[in-house]
Amino acid sequence: MTTTGTPALAFNDVTCRFAARDGGEAYTAVANATLMVQAGEFVSVVGPTGCGKSTLLNVAAGLLAPSSGTVEVFGERLVAERGVNRRAGYMFQADALMPWRRGIDNVVAGLEFRGVPREAARRQGEDWLRRVGLAGFGDRYPHQMSGGMRKRLALAQTLILSPDILLMDEPFSALDVQTRQLMENELLALWAESRKSVLFITHDLEEAIALSDRVVVLSAGPATRPIGDFKVELPRPRDVSEIRMTPGFNELHREIWNAMKEEVLKAYARQKAA
């Protein structure tokens, strides 16, 4: 993985503050955060609960304007007021599926919104259903699918638009362990085909290491910021269950956890005192 050239995504000294409802002191969720994701790089962000991970993702998506600092997408400044980041696809923690539409219709919705003719959109949709292991399930509605199947559907819905950057907010956290590992391997296989840039938010340090080229650690909130940046030099392709049993994985896990532990304890103490 090269780290030269213009980054796909760059947070430059980003701060995000939110006004208090009662008129009191503003809450600073993120403070002076600088973070870069190179073209084709898979970066995971980990940190204590409530530290502002999703805030950074919303800023990257153009859904939230930073209070100060800038975000650049392939060298061009992202201005939230002008609209969302059109070079990014966003996969949410909760399924962003339309329950009244069949699987194939959910997958092709973005193409239809872009004005792609229906038949052309359906051909692409059927291809993506096959690629995520849902061939033959396009006529089912989301409520007729398992949790893992809905995640596959959401992944196809996002990737069919061929985003240059993939923003993922704990997309597999609600799945059981076995289904989660299957989805993680599915994601890695699809990512290897196109090498899109990925910013992946997770609470699971093992998941972060197994998937990523780099793992970024955030401090406890408020005023979170990156406090550690760890390169994952484990061989690819990877099987997420097998890679967890290697000495290199365990050594890196200890190193990153040592950087995280104090911040997790700080966050826990604040939650108890609240």
Side-chain angles (χ1 to χ4, degrees), residues 1-2 5-10 36-45 56-63 71-80 82-98 101-135 137-138 142 149-172 183-201 211-214 236-237:
M1 177 65 59
T2 61
T6 303
L9 184 64
M36 296 186 182
V37 180
Q38 299 295 331
E41 189 177 29
F42 198 124
V43 176
S44 286
V45 175
L56 283 176
L57 215 59
N58 287 334
V59 170
L63 301 175
V71 177
E72 294 180 355
V73 179
F74 291 98
E76 296 185 5
R77 183 169 176 177
L78 176 65
V79 181
R82 297 177 188 168
V84 298
N85 180 355
R86 298 192 179 280
R87 300 191 69 173
Y90 201 146
M91 191 168 174
F92 298 89
Q93 183 175 3
D95 295 331
L97 301 173
M98 291 168 276
R101 297 185 68 140
R102 297 175 303 164
I104 183 64
D105 297 318
N106 267 286
V107 171
V108 304
L111 293 180
E112 292 179 345
F113 295 154
R114 289 183 176 181
V116 176
R118 180 165 177 78
E119 287 306 313
R122 286 186 65 86
R123 285 195 297 271
Q124 292 186 55
E126 294 290 353
D127 179 58
W128 271 104
L129 285 173
R130 177 187 57 78
R131 293 172 71 178
V132 299
L134 289 178
F137 291 92
M149 292 171 73
R150 289 195 298 272
K151 286 300 178 184
R152 290 174 185 271
L153 194 66
L155 190 58
Q157 182 188 58
T158 303
L159 294 179
I160 196 173
L161 298 174
S162 192
D164 296 310
I165 302 168
L166 189 57
L167 306 172
M168 309 189 78
D169 191 2
E170 300 190 72
F172 309 137
M183 286 302 306
E184 290 166 351
N185 279 333
E186 190 74 38
L187 173 62
L188 285 181
L190 292 168
W191 172 76
E193 293 178 9
S194 57
R195 290 284 176 149
K196 304 292 187 181
S197 303
V198 180
L199 185 59
F200 190 98
I201 301 298
L211 294 174
S212 306
D213 296 311
R214 284 169 45 229
R236 293 190 185 275

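In this text the structure is predicted, and so the values were computed from the model without any measurement.
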Output, in order, the C-alpha distance, side-chain angles, deciding distance and verdict of side chain to side chain contact (heavy atoms under 4.5 Å, CB included) for V84 and Y90.
CA-CA 10 Å; V84 298; Y90 201 146; over 6 Å; no
As a quick check of understanding, evaluate side chain to side chain contact (heavy atoms under 4.5 Å, CB included) for E72 and T6, giving each step before the final call.
CA-CA 10 Å; E72 294 180 355; T6 303; over 6 Å; no
Take D105 and R122 through the test side chain to side chain contact (heavy atoms under 4.5 Å, CB included) and record every step on the way to the result.
CA-CA 8 Å; D105 297 318; R122 286 186 65 86; 3.8 Å; yes
Assess the residue pair F172 and E186 against the criterion (side chain to side chain contact (heavy atoms under 4.5 Å, CB included)); give the C-alpha distance rounded to whole Å, side-chain angles, the decisive distance to 0.1 Å, and a yes or no.
CA-CA 12 Å; F172 309 137; E186 190 74 38; over 6 Å; no
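Distance alone, capped at 3.5 Å, places no donor-acceptor pair between the R87 side chain and the D164 backbone. A donor-acceptor pair is defined here as one N or O able to donate and one able to accept, closer than 3.5 Å; no such pair exists between the side chain of D213 and the backbone of V43. Between the side chain of S197 and the main chain of Q38, a donor-acceptor pair closer than 3.5 Å is present.
Taking all atoms of both residues into account, the shortest heavy-atom contact from L134 to M149 is CD1-O, 3.6 Å. In terms of heavy-atom proximity, A94 sits nearest to K151 at C-NZ, 4.4 Å. The two atoms that bring T158 and L166 nearest to each other are CG2-CD1, 3.3 Å, heavy atoms only. Summarising the geometry of D95 relative to R150, their closest heavy-atom pair is OD2-NE, 3.1 Å, with the distance given to 0.1 Å. The two atoms that bring N106 and M98 nearest to each other are OD1-N, 2.7 Å, heavy atoms only. Summarising the geometry of G89 relative to P163, their closest heavy-atom pair is N-CB, 3.3 Å, with the distance given to 0.1 Å.
Ion pairing of E193 with R131 is present here, as a side-chain N (NZ or NE/NH1/NH2) and a carboxylate O approach within less than 4.0 Å. Between R101 and E112, at least one side-chain nitrogen of the basic residue sits less than 4.0 Å from a carboxylate oxygen of the acidic one, meeting the salt-bridge criterion.
For R86, the CZ atom counts as loosely surrounded, since its 6.0 Å shell holds 12 or fewer non-hydrogen atoms of other residues, nucleotides or ligands.
Interatomic distance, CE of M91 versus CG of L167, reported as 12.0 Å (0.5 Å rounding). Taking CD1 of I104 as the start and CD of E126 as the end, the distance is 4.0 Å to the nearest 0.5 Å. The distance from the CG atom of L9 to the CZ atom of F74 is 8.5 Å, given to the nearest 0.5 Å. Within the model, atoms CG of D169 and CG of L199 stand 9.5 Å from one another, a figure rounded to the nearest 0.5 Å. Put simply, CH2 on W191 and CG on L159 are 13.0 Å apart, with the number rounded to the nearest 0.5 Å. Between atom CE of residue M183 and atom CG of residue L190 there is a gap of 8.5 Å, rounded to the nearest 0.5 Å.
Inter-residue side-chain proximity for I165 and V37 is flagged as unmet; no heavy-atom pair is nearer than 4.5 Å. For the pair M168 and L155, the minimum side-chain heavy-atom distance is below 4.5 Å. The side-chain heavy atoms of L211 and L188, taken from C-beta on, include a pair separated by under 4.5 Å. Using a 4.5 Å heavy-atom threshold, the side chains of N85 and L63 count as separate.
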